[in-house]
Every structure is written in C-alpha cells, then in structure tokens.
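Remember, it's a predicted structure, so these values are computed and weren't measured experimentally. Each ligand, and each atom within it, is numbered from 1 in the order the structure gives.
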Amino acid sequence: MVKIPLNKFNYLLHPCLTVLITCKNKETNKTNIITVAWITPVSLNPPILVLSIKPTRFSYKIIKEAREFVVNIPSYNLMKQALFCGSVSGEKVDKFKEAGLRIEKSEKVETPRIKECIAYIECKIREVIKAGDHDLFLADVLLAEAQEKYLTNEGLYNLKVFRPLLHVGKDYFVTVSTVGKET
Ligand SMILES: Cc1cc2nc3c(=O)[nH]c(=O)nc-3n(C[C@H](O)[C@H](O)[C@H](O)COP(=O)(O)O)c2cc1C
C-alpha cells in the first residue's frame, strides 16, 4: 500500500464524468465554458445536483450572479475542447470561438448550450455552500435532455454508441465501452 498525499485524495475517486458547464453574464450577455469533473446528482425528488467550482475561476462570479447554468455532456471526441475550456480563462478568450464549439438556445434558462454535446441539464441555483477551496452550487434541475440514439430503451447511456469523456486526472482521460449487468 502507498499513502496518497491528502491534497491528491480526489484521484482515488476518479475517473469522473467530465462535463462542460456553460454560463452567461447577465449584464454583458457574454457566454463562457468551464470544464468540470466535480459534479454529482444529490436528489431526485426534487431533482437537484451539486457542482463544485473554485472561486478563482472566471466562471464562478458569472454563475453565482446569473444563478443558473447548463451542464453539457460531451463525447470522448471532444477531449481536446474539454482540456482547452479547462485550462484557459474565459476572461480574455471567447472559448466557443476558440474551441470551435457552436452556441445553441436552451429551453428553460437564458444560458445557451453547446451544439456539439449529446445531452443537457438546465439548472437554476438553489443555494451556494462554502466547501474549503471550492464552493458548492446546489441547483434545481429544470430540464434534462439527450439525443435519443445515445440512450437505451431503459433511459440509460447506450455505451455501444456513446463514448463518455472520463477524467482520470491531470490531462489523462479514458472512455468505456462495456456494460455489465448482474444476472
Ligand atoms: C478535466 C477537468 C476537470 C475540471 N474540473 C473542475 C471542477 O470540478 N471545478 C473547478 O472549479 N475547476 C475544474 N477544472 C478547472 C477549470 O475548468 C479551469 O480552471 C478553467 O480554465 C476555468 O475557466 P474559467 O476561468 O474561464 O472559468 C477542471 C479542469 C479540467 C481539465
């Protein structure tokens, strides 16, 4: 056994589904994208998820003030774009333009989606909770939508078709293609 430095314990909980969060500044109407791996569902009735964002991120203030965001689910083939949106600040860069991603209107929120993604969760913030060096955005899910071809008839990801982008750590990613079911 080997002890892991405590500030790296999180890697024992990876790989994590990597998502692209879109946000929109209400005053300037400017949009931004931040790559996030620390996101999880926490309630189904009512539907709530939690998103962990470091206050130093350019997106932090935008999300906090807009009180909404969209979770965009990319496929493994968007790894390069996810790394770009996860390593560059949107303060001076238009990430949609630079990453070659297209803006699409959302249904329940002002914040737009990313056309190249395969599923979306539109959220409004319920509460912001301090959690060490990150803040937790507890958010109500207003809409969840996915391209049909990526789902099974049970409403799960069809991993023969969808290649999820999973973050191992640093700039390593992995995907999966097998589905196990206990019989
Ligand atoms: C795979 C990956 C996952 C990340 N997960 C998170 C996360 O969960 N929370 C967070 O605050 N930053 C996370 N980041 C870092 C931000 O995406 C990164 O600092 C980004 O450049 C911030 O953009 P912004 O300053 O335009 O908001 C992650 C980066 C990568 C590459």
Quick look: E91 vs ligand 1, heavy-atom contacts under 4.0 Å, and the answer is neither

Give the residue and atom name of whichever protein heavy atom lies nearest to [atom], and the separation in Å to one decimal.
{"atom": "atom 31 (C) of ligand 1", "result": "G86 O, 3.7 Å"}
{"atom": "atom 20 (C) of ligand 1", "result": "C85 O, 3.5 Å"}
{"atom": "atom 8 (O) of ligand 1", "result": "W38 N, 3.1 Å"}
{"atom": "atom 23 (O) of ligand 1", "result": "K95 NZ, 3.0 Å"}
{"atom": "atom 21 (O) of ligand 1", "result": "V88 O, 2.9 Å"}
{"atom": "atom 25 (O) of ligand 1", "result": "F58 N, 2.9 Å"}
{"atom": "atom 7 (C) of ligand 1", "result": "S52 O, 3.7 Å"}
{"atom": "atom 14 (N) of ligand 1", "result": "T35 O, 3.3 Å"}

Distance col, row L51:CG vs F69:CZ, nearest 0.5 angstrom, shows 4.5 Å

Separation between CG (L165) and OG1 (T18), nearest 0.5 Å, reads 4.5 Å

Check the orientation of F162 and Y150. Use parallel for under 30°, tilted for 30 to 60°, and perpendicular for over 60°.
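If you compare the ring of F162 with that of Y150, the planes turn out perpendicular.
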
Q. Parallel, tilted or perpendicular for H14 and H167, by the 30°/60° rule?
A.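 Geometry flag for H167 against H14: perpendicular rings.
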
| query | Under 3.5 Å between some N or O of ligand 1 and some N or O of H167? | reply | no

| Taking distance alone, with no angle check, do A37 and ligand 1 share an N/O pair under 3.5 Å? |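 So ligand 1 has an N or O lying under 3.5 Å from an N or O of A37.
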
- Measure the distances from the heavy atoms of Y60 to every atom of ligand 1 and state whether one is below 4.0 angstrom. no

Practice prompt. Grab the two heavy atoms, one from A119 and one from A146, that are nearest each other, plus how far apart they are.
Written response: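 What the structure gives for the nearest pair is CB-CB, 3.7 Å.
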
Closest heavy-atom pair, K115 versus Y120, reported as atoms and distance to 0.1 Å, is O-OH, 3.4 Å

- Message: Is it the case that atom CG in L6 sees more than 12 heavy atoms from other parts of the structure closer than 6.0 Å?
- Response: no

For this session: Before accepting this row, confirm whether a basic side-chain N of the pair E122/R113 lies closer than 4.0 Å to the acidic partner's carboxylate O.
Result: yes

Would you call D140 and K124 a salt bridge, taking side-chain N to carboxylate O under 4.0 Å as the test? no

Need the ligand 1 atom indices (1-based, order shown) with element for anything under 4.0 Å from a heavy-atom of [X].
{"X": "S89", "answer": "25 (O), 26 (O)"}
{"X": "F173", "answer": "1 (C)"}
{"X": "S87", "answer": "21 (O)"}
{"X": "S59", "answer": "24 (P), 26 (O), 27 (O)"}

The single option from R57, K54, K130, K61 that satisfies salt bridge (charged side-chain N to carboxylate O under 4.0 Å, His left out) with D135 is K130

Among K54, H14, R57, the residue with a heavy atom nearest to atom 12 (N) of ligand 1 is R57

Partner of L49 under side-chain contact (heavy atoms from CB on, under 4.5 Å), picked from L138, V42, T40, V71, is V71

